[in-house]
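What follows is one structure encoded as structure tokens, with my remarks underneath.
Sequence lines set the chain letters: A, B, ... in the order given, protein chains first and strands last, and positions in each chain run from 1. What you see is a predicted model, and the numbers here were worked out from it, not measured in a lab. Every heavy atom of this structure was used, including side-chain atoms; hydrogens, water molecules and symmetry mates were not.
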There are 2 protein chains.
Amino acid sequence: MSRSTSFAVAIHLLVVLSHANRKFVSSETLAAGVQTNPVVVRRVLARLRNAGLVDSQPGVLGGSRLAVKAIDISLLDAYRAVRTGSLFSLHTPAPDCPIGGRIPEVLGENLALAEEAMEEFLEEVSIEELAGEILPGYSDDLRH
Amino acid sequence: MSRSTSFAVAIHLLVVLSHANRKFVSSETLAAGVQTNPVVVRRVLARLRNAGLVDSQPGVLGGSRLAVKAIDISLLDAYRAVRTGSLFSLHTPAPDCPIGGRIPEVLGENLALAEEAMEEFLEEVSIEELAGEILPGYSDDLRH
DNA sequence: TAAATCGTAACCACTGTAGTTGCAATTAAA
DNA sequence: TTTAATTGCAACTACAGTGGTTACGATTTA
């Protein structure tokens, strides 16, 4: 349903950065792991930067790094940073239909609650935790 | 994110049908309320039919009706009937990268759990309940 | 000054969605 | 038996979102 992989890419980037010990990692290095184009990576990084999760620096030895400790970044933080709309899309029914007229309100409410249930789960998982599941103990220097 | 409105349309159709007392409602009538094309409605109805939630009949006086009581249809039933993939999409990272190699497994697991949390919410809301919120007491004959 | 990197705009290709038309099959009514 | 209303489904189009790519000015270090 969600055709976009930005969320998965965002998580991937954050996990990699969490292993880089605040050293700047270039978008090219990151793109190699994500297996995509550096510009695509920078687009996702831009979102994460706007959300205050990473910071970046241009120039030789430039790149991006975590702006917040991995244990303080939840999957929900990443989700909110990159999401473009709500999980479910409503249609626009006939407003003069007795049912259609109230569908957006009632259904919208219920779907928002469903989305909230999902977000509450995401909130409980941190990048640190995820990184631990992925690579226990790994902390190489990925810089250049 | 989810560009498709099929789920919302499906709910709308089920709520309308729940007010029709097992009488057949034509896709044209349904399309008027949903404010779309009858073929679009029939496409969603086809999914609901495959899931055993409605049945249809061609010919004059034909149409669709609930195959199951509204109280026995959950939003999750409708969701599963029309969904085309999982809620989140994964990317395909470099398998030789120590992190990328395990991202699909670990992240996939976590996102599946997040999706489950949402589904558990949907499971608790029935079409009957939703119809009650939308139009308490309404049960006109919508047939032709 | 040169090289590496970022941020961002611009463009292209692919894909999924909704809308639309068309038609054979089915069913009820005249 | 014929006519009309309806379904199911295939095929086509238009539109929008996504990812990939190129390009270029700005920034920073060596």
Side-chain angles (χ1 to χ4, degrees), chain A residues 1-10 12-13 17 20 23-32 34-51 54-65 67 82-93 142-144, chain B residues 1-10 12-13 17 20 23-32 34-50 54-65 67 82-94 142-144:
Chain A
M1 318 263 284
S2 175
R3 192 104 262 98
S4 170
T5 61
S6 303
F7 181 35
V9 170
H12 189 154
L13 297 177
L17 293 180
K23 307 260 176 62
F24 289 104
V25 182
S26 76
S27 62
E28 185 159 8
T29 300
L30 293 169
V34 175
Q35 216 163 33
T36 184
N37 192 288
V39 177
V40 172
V41 167
R42 292 204 287 268
R43 284 206 273 247
V44 175
L45 286 171
R47 300 280 199 152
L48 298 175
R49 196 180 324 117
N50 284 339
V54 309
D55 58 305
S56 310
Q57 181 178 291
V60 185
L61 298 191
S64 300
R65 64 182 178 186
V82 302
R83 77 160 150 206
T84 57
S86 50
L87 206 46
F88 302 105
S89 297
L90 297 177
H91 62 304
T92 55
L142 292 174
R143 183 207 207 185
H144 308 284
Chain B
M1 318 265 282
S2 173
R3 179 104 249 95
S4 171
T5 61
S6 302
F7 181 35
V9 170
H12 189 156
L13 297 176
L17 293 180
K23 307 261 178 59
F24 288 106
V25 182
S26 78
S27 63
E28 186 160 7
T29 300
L30 292 169
V34 174
Q35 215 164 34
T36 184
N37 192 287
V39 177
V40 173
V41 167
R42 291 204 287 268
R43 284 206 271 246
V44 175
L45 286 172
R47 299 280 199 153
L48 298 175
R49 196 180 325 118
N50 284 339
V54 309
D55 57 306
S56 310
Q57 181 179 290
V60 185
L61 299 192
S64 300
R65 64 182 179 186
V82 303
R83 78 161 152 206
T84 56
S86 51
L87 206 47
F88 303 104
S89 298
L90 297 177
H91 62 304
T92 54
L142 290 174
R143 185 210 206 184
H144 307 288

Along nucleotides 20-30 of chain D, 5' to 3', which nucleotides get a B, which get an S, and which get a -, given that the test is a protein heavy-atom distance under 4.0 Å? BBB----BBBS
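- You'll find the side chain of A:Arg47 reaches within 4.5 Å of the side chain of A:Thr84, heavy atoms only.
- Residue-to-nucleotide proximity on DNA chain D shows that, of B:Glu28 and B:Ala46, the 5′-proximal contact is made by B:Glu28.
- Residue-level contact check: B:Ser64 touches neither bases nor backbone, having no heavy atom under 4.0 Å from any strand.
- Taking the side-chain contact (heavy atoms from CB on, under 4.5 Å) definition, one finds that A:Ala31 meets it with A:Pro38, A:Val41, sequence neighbours left out.
- If you measure from atom CZ of B:Arg49 to atom C1' of D:dT6, you get 12 Å, rounded to the nearest angstrom.
- Per the geometry, CZ belonging to A:Arg47 stands 14 Å off C1' belonging to D:dG19, to the nearest Å.
- At whole-Å resolution of the value, CG in B:Asp55 and C1' in D:dT6 are 15 Å apart.
- Here A:Thr5 does not reach the OP1 or OP2 of D:dT18: none of its side-chain N or O atoms lies under 4.0 Å away.
- In the helix from C:dT1-D:dA30 to C:dA30-D:dT1, the terminal helix axes, each the rotation mapping four pairs' C1' atoms onto the next four within five end pairs, subtend 10°, rounded to 10°.
- For the salt bridge (Lys or Arg N to Asp or Glu O under 4.0 Å) condition, the pairs that include at least one residue of residues 56-65 of chain B, sequence neighbours left out, are B:Asp55-B:Arg65.
- Taking only side-chain nitrogens and oxygens, B:Ser6 never comes nearer than 4.0 Å to OP1 or OP2 of C:dT17.
- Rounded to whole Å, the distance from CG on B:Asn50 to C1' on D:dC9 is 13 Å.
- A:Ser6 meets the side chain to side chain donor-acceptor pair (under 3.5 Å) test with A:Ser4; sequence neighbours excluded.
- Residues A:Ser27 and A:Arg42 approach most closely at OG-NH1, 2.9 Å, considering heavy atoms.
- Taken from CG in B:Leu17 to NE2 in B:His12, the straight-line distance is 9.5 Å, to the nearest 0.5 Å.
- Remark: A:Ala46 pairs with A:Arg49 by the side-chain contact (heavy atoms from CB on, under 4.5 Å) rule, at least two apart or across chains.
- Atom-to-atom, CZ of A:Phe24 to C1' of C:dC6 comes out at 11 Å; the value is rounded to the nearest Å.
- Straight-line distance from the CG atom of A:Leu30 to the P atom of C:dT5: 12 Å, rounded to whole Å.
- Residues B:Leu30 and B:Leu45 have side chains in contact (heavy-atom distance under 4.5 Å, counting atoms from C-beta outward).
- To the nearest 0.5 Å, atom CZ of residue A:Phe24 and atom OG1 of residue A:Thr29 are 13.5 Å apart.
- Using a 4.0 Å cut-off, some side-chain N or O of B:Ser27 falls inside it from OP1 or OP2 of D:dT7.
- Look at CZ on A:Phe7: it is 21 Å from P on D:dG17, rounded to the nearest Å.
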